[in-house]
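Reminder, nothing fancy here: chain letters follow the sequence lines and each chain counts from 1.
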Amino acid sequence: MENDNRLKLSRREMIIGTTAAISAIAATKLTSIEAGESNKIALADVSFVVNGKKQHLALDTRTTLLDALREHLKLNGTKKGCDHGQCGACTVMVNGRRINSCLSLALQHEDDNIVTIEGLGSPDKLHAMQAAFIKHDAYQCGYCTPGQICSAVAVINEINSGIPSHVSTNLNQSPILNNDEIGERMSGNICRCGAYSNIVEAITEVASKAVKKAR
Amino acid sequence: MKSFTYQRVTTALDAAKAADKTPGSKFIAGGTNLLDLMKLQIEKPAHLIDISKTGLNKIELNTDGGLRIGAMVNNTDLASHNVVRRDYGLLARALLSGASGQLRNKATTSGNLLQRTRCPYFYDTNQLCNKRVPGSGCAAIAGFSRQLAIIGSSDHCIATHPSDMAVAMRALDATVETVNVRGEHRKIPIADLYLLPGSTPHLENTLQPGEIITSVLLPPPIGGKQIYQKIRDRASYAFATISVGAIIYPDGSGKLALGGVAAKPWRIEQAEALLPKGSKLVTERLLAGARPTGENQYKIMLVERTIESVIQQAKR
Amino acid sequence: MKFDKPAGKNAIDQLKVVGKPIDRIDGPLKTTGRATYAYEHQIAETKPAYGYIVGAGIAKGRIEAIHQTAAKSLPGVIGVITASNAGPLKTGRFYADRLLAGPDVDHYHQAIAIVVAESFEQARAGAALLRVDYVKSKGSFDLKKAGASATILNPGRPSTAATAEVSSFEDGFKSAPFKLDEIYTTPDQSHAMMEPHATIAKWDGEKLTCWCSIQQINWGVRDLANILGIDPKNIRLISAFIGGGFGGKGTVLSDIVAASLAARLTGRTVKITLQRTLMFNNTIHRPATIQRLRIGADADGTITSIGHESLSGNIPRGFAEYTTTSTRTLYAGKNRMTQLKLALLNLPEGAAMRAPGEASGMMALEIAMDEMAAKLKMDPVEFRIKNDTQVHPENPKRTFSTRLLVECLQTGAKKFKWESRSKQPRGKEEGDWLLGMGVASAVRGAPIMKCAARVRLSNKGIVTVETDMTDIGTGSYTIIAQTAAEMMGIEINKVVVKLGDSSLPESPGSAGQWGAASSTSGVYAACVKLREKVEQMFGFEPGTAEFSDGKVSVKNKKYSLSKAADSGELISEDEMTYGELSREFAQDTFGAHFVEVAVNKYSCEIRVRRMLAVCHAGRILNPKTARSQVIGAMTMGVGAALMEELVVDTNVGFFVNHDLAGYEVPVHADIPHQDVILLEDLDPTMSPMKAKGIGELGLVGVAAAIANAVYNATGVRIREYPISLHKILESSYNLEENN
């Protein structure tokens, strides 16, 4: 997935054809920190699976999972909004659970299975949640969007697996799917553009389809 | 963030030994608070001991009918556990009111207990803070203190403990189990875990260096209506302005602890005897000796009203 | 093309593509993480170095020394940039702040140094090792205190007069049978956009390229050239995707200066993100205000006098907050007075944030209107309608080009079931919650600016549009594509849009709610030229052909559009400029906001239950993206009403809550389903597009509508924003009260 953010211009993407595309074409190969640079930098190896692909990295121990994804694997879909667990833009799924990748050391993810926004779908093959976000205009600037979508996919799983929330009226019953439940569960993903109302609609559409399928 | 070496251990005892061997080391579990603080140069460990894979992630029924919660159980798993939901609703509710879904998936039980204050002056290394730099002063007392402590505070520090979970644990009389480098186990009632700031606000708990929390014990279920009422301007993903964790019985008696008012979950057992007499008397006793700032005076009234709300909810 | 008389029928009026709720064309990139923001560009054949900005640890004073040895000896650290090796730096022409401090420090977290290293981790560690000796000096941090020595602004800056009086306000007010005289305050607020300010800077000899996050590319080039003292021709800025701005990324801020300096001094490509904790004090914010509103009215509800005085503070050369703008246009009233005062503060610079002036002014005025309606025992909707005016209140000769304020209020009241609102405050309860409804009007100017664009037609029938306009989430990519598709008679998927690059024709960028109307008009002008070229190729008289379904025809002569480019790409470029229509007509957008809140009777926590906005803003180019602009603004209005406040510590002189945990903005759980009604409205005095902006209108009035709903729910009037729960608790609010 190293070249993932090189834009392979599909017909759909041609509509934009931004300068972003042009400048990204000759992406340099990943260069991690030189081991011989100094003995003062602690380096360590880590291996994990990202979007189905095994990755081995030698990293400065301080590297967060977020920076490993963005700066080392060039998977820039996962965003850095605050770097302190206060916005949710960096949300990825690790072993099926969503976390803030900014507050996690890459080294702590040995053997973990990580799914980022790039792993959910691509412009040519959108994940149902990505398609629903487009349909409901559930984003504006797009910066929180990958985190919102990863969170949304995880939220449906959480509801389906019976994890309660702050607004669940009865802790001993399976949580139901409604606007309050979605809103509460999505509250760790800030959208300053204020697309919340549309995001809830997008999630509701995907979630109710998922329920129908299950029946 | 200072460069650090990193090691992963597989048992709590190994963790304690590793800590003993390497001065300046810290345990890292979920990391949701530690990394936050390391990025800001507030925590500067030279060595990290990863305890997230020590196998302390089980919730087991204890022989006395209570629960043993592994220190590494994450907040989501704890709140979702069937027994917790059924018998310790207060704990489940407190957990679910805290942080966000993402953070609860990562944050651990012991990490939650030991998280540090969110006082904005503690978080900014340019500001005076006795907790961060002992003896430097406290900019919060004369500064922005709307969120800060009203009781148990000192002229040195008015920071609060931010945990919701700990408030529930306190009301439920939880006990913390630890192990140290010599393999000695210790049980610390949660009432004795936290220290008030006094003149040493940098000392926050009674754990010895290298001592590591292995589990939290909950006594057998105590029934009652269990309510966690968290008050905040933002509807979610916000720390409590104040919170009330309560267990109320049909006769009006009960137990309660407060969050957001002190450097620890605040509970005065004697005040609970006044519960049947109403929120006013309970609050007077609970907050006797409170020393709010002008900015957080309102918390006293808010505590009383929230206790009243909890009493009324319990009647329904 | 010059637009100097009202538009007649034109190709846009076909509305085959324009006006349709088309999905954003950048959606597949944004939702899959493939949209590339400033910090994410991969620069060919270079391994970038990482910069980390160090902010001043004091609010005001002087840097005696910056000790760098420890930082420089850290592995991976390439260099440290401070004022002593940065070379001479000026300021930009919009923001007044100096973007690199030294030796003087003007405000907290002003950049004092940049540490450059091989990795982000090394740069951050290096930054932490700088030791700085300061000499602190006293500063002015308290707006109320500073107000005593504030100056009254002279009329004429910027374009609207700062101080204006019509008839005799004082006399009119004195003799009014019903009077209101109250003080309202609004706090400092932060844009808090999700993407932090970020830049990658690269020098090739004299040429500087910056991948950055700037809303107005033309100002960015101008200001960066001015600050660095280089020729603007040598600067190229690229902001293809911008992760939110709201005015907070108007032009050059410290990240781009830091990256440019660091790249110049290290000879490397340097990437820098301004860390979140620095954004609040390092950059700009919406400044706090203290506003006095006086309204006098007759018993029948006719406003006879209206006075609005406002104080804000700023750094030297900084602007005042133009809170009185709306008061001057919104309601009738014979005797009028507005006045702006500006005090000196040594806090970070106050500058434009979404609907600057109007947003905070209407937070005050629209509570005052609610209070006045209560005094008059009138319905607040009726009171507003009663005082509507179809001519500019300060100049009756000037009519509004379109003004449907009354219709907005009436439509909204009906849809929202306003009649079910309790006329008495605290008249509705549901369990532990007190329910209330509130209303506010909305008004925001509809400026339009000259804008250039280039369009290219390929022999495949693809039309490529190029302009340095930006899309900050507003939908520029999409509405520009719609405009070109409509003009050239093709489907939208045959249009490629290239934005946010200073090498492209100049636009006014995203600001002042002018982006949509201005940029599409520029594209319109370029397309008119391209159509003429196409007609020429086919031997048609200019302006006679029909462009439709990818074909160009005159009567029964019909060609494929692509055929016109058979012998080579056709390229047209033009600029839309404007005549005097904006002087002749008052051009504004209007709306009405309706809100229902629930206030917990124990804790006084406020939760918004329902929200409706009714807006009219000229032609709606894309109802889907326009609606999103409005709901986003409504959300920001909830923040302004209930939680957003940069808290000033007047001892230290800084905004204390400088992160996203401390500076609370609304989360999902704060926002209910939001309804938006867009009233049909074409404004031919604006441009051939007949459109206006809407992104700022949606914010104006929202906070006041919430404040009014809180009053209706509780009977407590809070005049100091935000309405945090302790303010109600500490008021006369009484738990037991029961009406």
Side-chain angles (χ1 to χ4, degrees), chain A residues 5 7 12-20 23-24 26-28 31 33 37-38 40-41 60 62-63 67 71 74 76-77 81-84 86-87 89 117-118 121-123 126 130 133-135 137 139-146 149 179 183-184 186-187 190 192-198, chain C residues 23-37 40-42 44-47 75-76 118-121 192-195 238 240-244 273 275-276 472-473 477 481 493 495-499 501 624-625 628 631-632 634-636 659-661 665 667-669 671 673-674:
Chain A
N5 72 340
L7 302 177
R12 188 69 202 239
E13 285 168 289
M14 276 297 285
I15 296 163
I16 311 274
T18 62
T19 50
S23 59
T28 47
T31 346
I33 303 154
E37 220 163 69
S38 162
K40 281 198 209 159
I41 293 180
D60 185 321
R62 294 169 290 189
T63 312
D67 288 328
E71 303 303 321
K74 311 294 178 196
N76 282 301
C82 72
D83 218 13
H84 286 275
Q86 299 165 354
C87 78
I117 189 70
E118 291 93 342
S122 61
L126 295 169
Q130 292 166 329
F133 265 60
I134 294 172
K135 178 179 163 190
D137 210 38
Y139 57 98
Q140 290 173 40
C141 80
Y143 200 76
C144 75
T145 310
I149 290 173
N179 287 0
E184 162 59 24
M186 290 297 296
S187 284
I190 292 175
R192 184 57 161 163
C193 294
Y196 297 132
S197 186
N198 289 354
Chain C
D23 291 346
R24 279 171 209 258
I25 63 171
D26 45 346
L29 289 181
K30 282 181 173 172
T31 56
T32 60
R34 268 73 163 187
T36 307
Y37 296 81
E40 300 164 356
H41 287 272
Q42 308 302 318
E45 286 156 21
T46 55
K47 177 180 178 296
E118 294 293 342
S119 78
F120 169 70
E121 291 77 19
M193 70 298 277
M194 297 315 296
E195 181 207 23
I238 298 169
F241 287 101
I242 296 176
T273 287
Q275 59 271 31
R276 177 64 64 178
I472 60 172
Y477 278 115
N493 62 9
V495 183
V496 175
V497 181
K498 294 186 182 179
L499 300 182
D501 183 334
K624 189 175 259 191
T625 53
S628 284
I631 67 166
M634 290 157 80
T635 302
M636 195 173 268
D659 62 21
L660 283 175
V665 300
V667 296
H668 271 277
I671 304 300
H673 172 78
Q674 294 165 322

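- Lys624(C) places a side-chain N or O within 3.5 Å of a backbone atom of Lys135(A) that can act as its donor or acceptor partner.
- Checked by atom type and distance alone, the side chain of Arg34(C) never pairs as donor or acceptor with a backbone atom of Pro28(C) at under 3.5 Å.
- Counting heavy-atom pairs closer than 4.5 Å to chain C, the top-ranked of the candidates Gly77(A), Gly142(A), Pro146(A) is Gly142(A).
- With a threshold of 4.5 angstrom between heavy atoms, Asn198(A) approaches chain C through its backbone and through its side chain.
- Between chain C and the options Glu184(A), Met186(A), His84(A), the largest number of non-hydrogen pairs under 4.5 Å is found for Met186(A).
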Test Ser197(A) against Met634(C) for side-chain contact (heavy atoms from CB on, under 4.5 Å), laying out the working first.
CA-CA 11 Å; Ser197(A) 186; Met634(C) 290 157 80; over 6 Å; no
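- With a 4.5 Å cut-off on non-hydrogen atoms, Asp137(A) touches chain C through its backbone and its side chain both.
- The main-chain N or O of Ile134(A) is never found under 3.5 Å from a side-chain atom of Lys30(C) such that the two would form a donor-acceptor pair.
- Counting heavy-atom pairs closer than 4.5 Å to chain A, the top-ranked of the candidates Gln674(C), Met194(C), Met193(C) is Met194(C).
- Ring geometry, Phe241(C) versus Tyr477(C): the interplanar angle falls from 30° to 60°, so the pair is classed tilted.
- Heavy-atom distances place both the backbone and the side chain of Thr31(C) under 4.5 Å from chain A.
- Ranked by non-hydrogen atom pairs under 4.5 Å with chain C, the options Ala195(A), Ser187(A), Gly183(A) are led by Ser187(A).
- Looking only at distances, no side-chain donor or acceptor of Arg192(A) sits under 3.5 Å from a matching main-chain atom of Gly632(C).
- Proximity to chain C involves both the backbone and the side chain of Ile190(A), based on heavy atoms less than 4.5 angstrom apart.
- Neither the backbone nor the side chain of Thr273(C) comes within contact range of chain A; no heavy atoms are under 4.5 Å apart.
- For the atom pair OG1 (Thr625(C)) and CG (Asp23(C)), the distance works out to 10.5 Å, reported to the nearest 0.5 Å.
- Residue contact with chain A, scored on non-hydrogen atoms closer than 4.5 Å, involves the backbone and the side chain of Ile631(C) alike.
- Considering only heavy-atom pairs separated by less than 4.5 Å from chain A, the leading option among Thr635(C), Ile671(C), Ile242(C), Leu660(C) is Leu660(C).
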### Task
Go through the steps to decide whether Arg62(A) and Asp60(A) satisfy the test salt bridge (Lys or Arg N to Asp or Glu O under 4.0 Å), and finish with yes or no.
CA-CA 5 Å; Arg62(A) 294 169 290 189; Asp60(A) 185 321; 2.8 Å; yes
